[in-house]
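Just so we're clear, the structure is a prediction, and the values are computed from it rather than from any experiment.
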Amino acid sequence: MKNSNFFPFERNRYFYGKLLSVDDFELEQKYMNDKRRMINRFLFGSGVVSGLFVVGVDEQTISVETGFALDSWGREVVVDEPVLKKLSLIEGYEHCRKADADVVYLCIEYDEKETDQVHNIAGQITANNVAGDTSFSRIREGYRLYLTAQEPDEKEKNSLSVSGFYENSEEIWSEGDVYIVQTVPKFIRAGRTENVRIRVENRGRATVSFSYDLVLNNLTSPDGHARITVEFDEALFERDGEYEIIYPVHAPDITDETAYITVDPDSVHLSLSDSDVNAEMSGRFEVSIVDCDIDKAAKAAYYRRPIEEVASAGYHSPIYLAAIRLVFASDTYIIENVKNVPFDQYVTNQMLDEAMFRLGDNASGESKSVVDESSPVVQERAADGVRISQGVTEVAFRGGGARGDKFFTPEITHGLGLGHVTIVLGIERPSGGIIYGAQDIFTENEDSGIDVELAARLNRDDGTFVIGARLLSGVKEGKVKVHWTAIRDSRKVSNETTEKRIFIKPNMLELTVRQSHRLEAVCENMVEKEIQWSVRDEEGYIDETGLYTAASVPGVYEVVAQSVAYPDVRASIFVVVREE
């Protein structure tokens, strides 16, 4: 029963004396299957429901744990016992190998096969028009595991995960191992600010840098301009292959309007390792300016979708269980790492939603109540190198609390990028005034409100922070409105990077046996720059100047650079040695 069409629904009408045939019984099964699968697809979506965790057992073998998933047509995919397989024995490996893909995707999809061959008294005509006397009497539902080097495009990714309900992502440029993806919110509340995110992925050896302009229609930058210049230079970041830069855009105080964010193709400048590339970038994103919170707008848009749009979303999309990074050496390979469910294809359930609601996304686990975060009002300006963003959020004390109880907001993005920022918090009183610092200094009884003290915890690596509130007296119910201001002094950015680091150039190397190549160690924030070179397992040789001579046996070998003055500071690269 491999049908993927729900409609039309048709079932048997029984009456005394009706002659039942194979078609009647198959129609009965199809009717029940289609109804169940439609409920699965429309109410729950597609993706992993539970289990199906992929782990690397050794350098060449993976294990898929038992689990359950729903495919893009609502069909149940069940793995009832663990699967242990060498990667090279999984369907699709040879194709990925020929494509020289360093990242392969393990996918699972619904499958079924006929089983239990029995005698057929009526006989049947086989595919070769030869009469046979046996038929299969069962259909066993199962699954198919396979590897592919092809990841879904950005539009397909939008349909695979819940983020597609409130934002649009589009690949605006790619070449080789470099991808530039721009993500724009589908909705912006009038008078509010939201972020445009640009994700850069570089799996190659070249260093990428680029700039281009975004033309804003019915939107502005925080300083009121109708253009934003996007700039990125990989040389300014610690190299890890994936980066994200954020630019806020502001909506005017109008509603029910459509805004556009367009990439200006004439403004594009891109280079790879300081060599200019004739890059053609394009992209036009539509944004709705609404008069309500974004979650309400996304919900309303979801319920307006026609049935065929829901049914076709993710049409025939496989379930991506894992992204597996490989290092190839001659005719063999090494599994470097495994990332589970890389495109967030999960199916939630009512119990999980209720648990998340009660936890309020509280990362610290100390809150005993639910905390609400309103959409922040972000306004950013620049003056003398100082950048400021502001926002408002509410901390709700559902169920009340006693003196000393703590409540926390979810992560709040301040929009000033990564690194150190200063967070200033103020509590809005019922009269409309805002108090910064200790509240007990102001003792207006008629304006007491809820008695709390506030603190902020900054996450410099993610560009976010969490607000914590501690009750100074018990309350039964209520909430406080918190005004926050984030301040970043760009003049101090150079002083933020004090961590001692070593980078090796190139970051990966391919040689033939006994071939030599000189490596370079780049030291950051280190006065003493003397490096001690070594090779793990003493395969090959490297001298004190960084000249590496490959081993006489093909394989993958690790070269280590260690600081002499700071022994804890080190870096390493993998050298792939092949036959001549």
N/O donor-acceptor pair under 3.5 Å between [X] side chain and [Y] backbone:
| X | Y | result |
| --- | --- | --- |
| Asp71 | Gly74 | yes |
| Asn218 | Ala259 | no |
| Asn340 | Val54 | yes |
| Thr229 | Asp213 | no |
| Asn40 | Phe44 | no |
| Arg41 | Ser72 | yes |
| Ser50 | Gly67 | no |
| His250 | Arg192 | yes |
| Ser221 | His225 | yes |

For the student: nearest non-hydrogen atoms of [X] and [Y], plus distance:
| X | Y | value |
| --- | --- | --- |
| Ala565 | Glu528 | CB-CB, 3.4 Å |
| Ile188 | Ala251 | CG2-CB, 3.4 Å |
| Ser169 | Val181 | CB-CG1, 4.2 Å |
| Val287 | Pro185 | CG2-O, 3.4 Å |
| Tyr436 | Leu425 | CD2-O, 3.1 Å |
| Pro318 | Cys107 | CB-CB, 4.1 Å |

Mind running side-chain contact (heavy atoms from CB on, under 4.5 Å) on Glu394 and Val480 for me, showing each step along the way? CA-CA 6 Å; Glu394 289 183 347; Val480 295; over 6 Å; no
Check the surroundings of atom [atom1] in [X]: do more than 12 heavy atoms from other residues, nucleotides or ligands lie under 6.0 Å from it?
| X | atom1 | value |
| --- | --- | --- |
| Asp274 | CG | no |
| Arg470 | CZ | no |
| Glu280 | CD | no |
| Lys339 | NZ | no |

Is there a side-chain contact between [X] and [Y] (heavy atoms, below 4.5 Å)?
| X | Y | value |
| --- | --- | --- |
| Gln182 | Val196 | yes |
| Val452 | Leu472 | no |
| Phe210 | Val268 | no |
| Val249 | Ile228 | yes |
| Ile198 | Ile180 | yes |
| Ile412 | Thr464 | no |
| Ile261 | Glu286 | no |
| Asp264 | Tyr212 | no |

Could you go through Thr258 and Ile289, starting from their C-alpha distance and side-chain angles, then the distance that decides it, and tell me whether this counts as side-chain contact (heavy atoms from CB on, under 4.5 Å)? CA-CA 6 Å; Thr258 301; Ile289 302 176; over 6 Å; no
In sequence, state the C-alpha distance, the side-chain angles, and the governing distance for Arg501 and Val569, and then conclude on side-chain contact (heavy atoms from CB on, under 4.5 Å). CA-CA 6 Å; Arg501 290 183 293 228; Val569 182; 5.5 Å; no
Gap between atom [atom2] of [Y] and atom [atom1] of [X] - 0.5 Å precision:
| X | Y | atom1 | atom2 | value |
| --- | --- | --- | --- | --- |
| Glu257 | Asn217 | CD | CG | 9.5 Å |
| Arg199 | Ile245 | CZ | CD1 | 12.5 Å |
| Met281 | His269 | CE | NE2 | 11.0 Å |
| Ile423 | Ile467 | CD1 | CD1 | 8.0 Å |
| Thr207 | Leu272 | OG1 | CG | 9.0 Å |
| Phe343 | Leu321 | CZ | CG | 12.0 Å |

Go through the steps for Tyr179 and Glu171 under the test side-chain hydrogen bond (donor to acceptor under 3.5 Å, both in side chains), then give the verdict. CA-CA 7 Å; Tyr179 302 88; Glu171 182 182 283; over 6 Å; no
Working note: Tyr247 + Val230, criterion side-chain contact (heavy atoms from CB on, under 4.5 Å); need CA distance, chi angles, decisive distance, verdict. CA-CA 8 Å; Tyr247 291 87; Val230 175; 3.9 Å; yes
Stepwise, does the salt bridge (charged side-chain N to carboxylate O under 4.0 Å, His left out) test hold for Arg189 with Asp293? CA-CA 6 Å; Arg189 187 168 184 175; Asp293 289 338; 2.4 Å; yes
Should the pair Tyr320 and Tyr105 be assigned to parallel (<30°), tilted (30 to 60°) or perpendicular (>60°) ring geometry?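 Judged by the thresholds at 30° and 60°, the geometry between Tyr320 and Tyr105 is perpendicular.
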Would you say the ring centroid of Phe187 lies under 6.0 angstrom from that of Tyr166?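 No - the distance between ring centres of Phe187 and Tyr166 does not fall below the 6.0 Å cut-off.
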Are Arg197 and Glu167 ion-paired here, with the side-chain N under 4.0 Å from a carboxylate O?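 Yes, Arg197 and Glu167 are salt-bridged.
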Within 45° of the ring axis of Tyr260 and under 6.0 Å from its six-membered ring centre, is that where the NZ or CZ of Arg284 lies?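 Relative to the ring axis of Tyr260, which defines the angle, Arg284 lies inside both limits.
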Would you tell me whether Glu428 and His483 have side-chain atoms, one donor and one acceptor, within less than 3.5 Å of each other?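 A donor-acceptor contact under 3.5 Å links the two side chains.
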